[in-house]
Engineer: 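My questions will all concern the structure given below.
Keep in mind that this is a model prediction, so the values were computed, not measured. Keep in mind that the numbers below use all heavy atoms, side chains included, and drop hydrogens, waters and symmetry copies.
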Amino acid sequence: MLEQCLNATFCPTDEEVAKWMDCAFDMAKDALDNNEVPVGCLLVYKDEVIGKGRNEVNESKNATRHAEMVALDQLLDWCHRGNRDARSVCEQTVLYVTVEPCIMCAAALRLMNIPVVAYGCGNERFGGCGSVLDVSSAVLTRTGTSFKCLAGHRADEAVEMLKTFYKQENPNAPKPKMRKE
């Protein structure tokens, strides 16, 4: 992983990635157990978790409650409670997430100036770190700073969790309507 991070301001060690990704996978398992898309994440600042999240879309009936957005809200609360400058905290924070952030979440991470994102599997439908769009490193004026991606940690496990979710019935899905002839 470290070779993927050479130009970043700072970079987590392989041991740190493994440690924090274990916690992110615990969050993803909790999401799966609660009928949510199994994505979990942690925002880590100076070896302290200051934000964590799992998908809450079905539970909240709010399509924006992705794991990363939940964690970013917690980061902002942590900064507010401690009278800390959110920008300087974000610039020293790493996101660990089980699935590549979607375009919306990648844009939010960029606006918040998160410098490094470590993730498990790619997101071929909605990925914002290169799978669909490369929000993470594209030249985009006035949209925060680009960030470094460390991809592939336990990717097969992340894919298997997603497959498990999509095989089960979603209790929040709308009932199919019968066509009238």
Side-chain angles (χ1 to χ4, degrees), residues 1-2 4-5 7-34 36-120 123 126-129 135-137 140 142-151 153-154 158 161:
M1 295 257 173
L2 287 179
Q4 299 175 46
C5 200
N7 295 327
T9 309
F10 66 95
C11 196
T13 65
D14 289 341
E15 293 78 20
E16 289 171 318
V17 171
K19 169 186 168 182
W20 296 117
M21 287 297 281
D22 283 348
C23 298
F25 272 90
D26 289 342
M27 297 293 296
K29 288 174 188 155
D30 184 54
L32 184 60
D33 292 343
N34 285 282
E36 295 284 352
V37 176
V39 178
C41 71
L42 301 169
L43 286 161
V44 178
Y45 170 76
K46 297 184 178 178
D47 207 37
E48 179 183 352
V49 175
I50 61 171
K52 63 182 181 177
R54 65 165 177 79
N55 275 11
E56 297 177 357
V57 170
N58 291 332
E59 182 180 321
S60 67
K61 298 191 182 354
N62 179 339
T64 68
R65 300 313 294 156
H66 291 194
E68 299 92 334
M69 302 304 266
V70 172
L72 284 169
D73 283 347
Q74 290 180 10
L75 176 149
L76 291 172
D77 287 345
W78 183 83
C79 289
H80 180 72
R81 283 191 317 273
N83 200 28
R84 295 173 185 90
D85 177 58
R87 182 180 178 92
S88 64
V89 167
C90 288
E91 289 171 346
Q92 301 173 61
T93 297
V94 177
L95 172 73
Y96 299 91
V97 61
T98 58
V99 177
E100 174 187 3
C102 72
I103 295 164
M104 172 186 72
C105 292
L109 295 166
R110 186 178 173 115
L111 286 168
M112 297 297 292
N113 299 303
I114 301 293
V116 179
V117 174
Y119 66 86
N123 182 343
F126 307 110
C129 298
V135 174
S136 61
S137 65
L140 304 167
R142 292 183 295 238
T143 59
T145 56
S146 61
F147 57 89
K148 197 72 175 163
C149 293
L150 308 174
H153 185 77
R154 293 170 59 179
M161 290 178 77

Engineer: Quick one: closest heavy-atom pair of Trp20 and Val49, and the distance?
Structural biologist: CZ3-CG2, 3.2 Å

Engineer: What's the verdict on side-chain contact (heavy atoms from CB on, under 4.5 Å) for Gln74 and Val70, showing C-alpha distance, side-chain angles and the deciding distance?
Structural biologist: CA-CA 7 Å; Gln74 290 180 10; Val70 172; 4.1 Å; yes

Engineer: May I ask you to decide if Cys129's main-chain N or O and Glu100's side chain share a donor-acceptor pair within less than 3.5 Å?
Structural biologist: yes

Engineer: Determine whether Cys105 and Phe126 make a side-chain contact, defined as any pair of heavy atoms from C-beta on separated by less than 4.5 Å.
Structural biologist: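 The answer is no, as the side chains (C-beta and beyond) never meet within the 4.5 Å cut-off.
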
Engineer: With a 4.5 Å heavy-atom cut-off, do Cys102 and His66 have their side chains touching?
Structural biologist: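 The answer is yes; the side chains approach within 4.5 Å.
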
Engineer: Rounded at 0.5 Å granularity, tell me how far CE in Met27 sits from CG in Leu32.
Structural biologist: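 So the gap between those two atoms works out to 13.5 Å.
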
Engineer: Working note: Met112 + Leu76, criterion side-chain contact (heavy atoms from CB on, under 4.5 Å); need CA distance, chi angles, decisive distance, verdict.
Structural biologist: CA-CA 10 Å; Met112 297 297 292; Leu76 291 172; 3.4 Å; yes

Engineer: Quick check for you: to the nearest 0.5 Å, what is the distance between Phe25 atom CZ and His153 atom NE2?
Structural biologist: 6.5 Å

Engineer: Keeping the roles fixed (side chain from Asn62, backbone from Val57), state whether a donor-acceptor pair exists under 3.5 Å.
Structural biologist: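 Side chain of Asn62 to backbone of Val57: no pair is present.
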
Engineer: For Glu59 and Glu56, indicate whether the former's side chain and the latter's backbone hold a donor-acceptor pair under 3.5 Å.
Structural biologist: no

Engineer: Quick one: pull up OG1 in Thr93 and CD1 in Ile50 and give me the separation to the nearest 0.5 Å.
Structural biologist: 4.0 Å

Engineer: Using a strict cut-off of less than 4.0 Å between a Lys/Arg side-chain nitrogen and an Asp/Glu carboxylate oxygen, indicate whether Arg54 and Asp33 qualify as a salt bridge.
Structural biologist: no

Engineer: For the pair Lys52 and Asp26, find out whether any cationic side-chain nitrogen is under 4.0 Å from an anionic carboxylate oxygen.
Structural biologist: no

Engineer: For the CG atom of Leu72 and the CG atom of Leu111, what is their distance to the nearest 0.5 Å?
Structural biologist: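 That separation rounds to 10.0 Å.
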
Engineer: Quick check: do Thr64 and Met104 have side-chain heavy atoms less than 4.5 Å from each other?
Structural biologist: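 Yes, side chains in contact.
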
Engineer: Tell me, do Trp78 and Val89 make a side-chain contact under 4.5 Å, heavy atoms counted?
Structural biologist: yes

Engineer: Taking only Lys NZ, Arg NE, NH1 and NH2, and the carboxylate oxygens of Asp or Glu, determine whether Arg87 and Glu91 approach each other closer than 4.0 Å.
Structural biologist: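 Salt bridge flag = yes for Glu91 with Arg87.
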
Engineer: Closest heavy-atom contact between Val39 and Ala67?
Structural biologist: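 In this case the closest contact between Val39 and Ala67 is O-CB, 3.7 Å.
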
Engineer: Evaluate the side-chain proximity of Asp47 to Lys19: yes if any heavy-atom separation is below 4.5 Å, no if none is.
Structural biologist: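 A side-chain contact under 4.5 Å exists here.
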
Engineer: Could you work out, with salt bridge (charged side-chain N to carboxylate O under 4.0 Å, His left out) as the rule, every residue matching Asp22, not counting sequence neighbours?
Structural biologist: Arg154

Engineer: Starting at SG of Cys41, measure out to CE of Met21 and round the result to the nearest 0.5 Å.
Structural biologist: 10.0 Å

Engineer: Tell me the closest heavy-atom pair linking Cys90 and Leu75, and the distance in Å.
Structural biologist: SG-CD2, 3.5 Å

Engineer: I need the minimum non-hydrogen distance between Pro38 and Thr98, along with the two atoms involved.
Structural biologist: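 Heavy atoms only, the tightest pair is O-OG1, 3.7 Å.
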
Engineer: Heavy-atom distance under 4.5 Å between the side chains of Val97 and Glu68, does that happen here?
Structural biologist: yes

Engineer: Is it true that a side-chain atom of Asn113 and a backbone atom of Thr145 form a donor plus acceptor pair closer than 3.5 Å?
Structural biologist: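 Yes; at least one donor-acceptor contact below 3.5 Å.
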
Engineer: Using modelled atom types only, decide if a donor and an acceptor are shared between the side chain of Arg65 and the backbone of Ser60 within a distance under 3.5 Å.
Structural biologist: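 Absent.
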
Engineer: Are Arg81 and Asp77 close enough that some pair of their side-chain heavy atoms sits under 4.5 Å apart?
Structural biologist: yes

Engineer: I'd like to check Val116 versus Leu150 (side-chain heavy atoms, cut-off strictly below 4.5 Å). Are they in contact?
Structural biologist: yes

Engineer: Quick one: closest heavy-atom pair of Gly127 and Ile103, and the distance?
Structural biologist: O-CG1, 3.8 Å

Engineer: Specify the closest pair of heavy atoms between Ala24 and Tyr96, including all atoms of both residues, with the distance to one decimal.
Structural biologist: CB-O, 3.8 Å

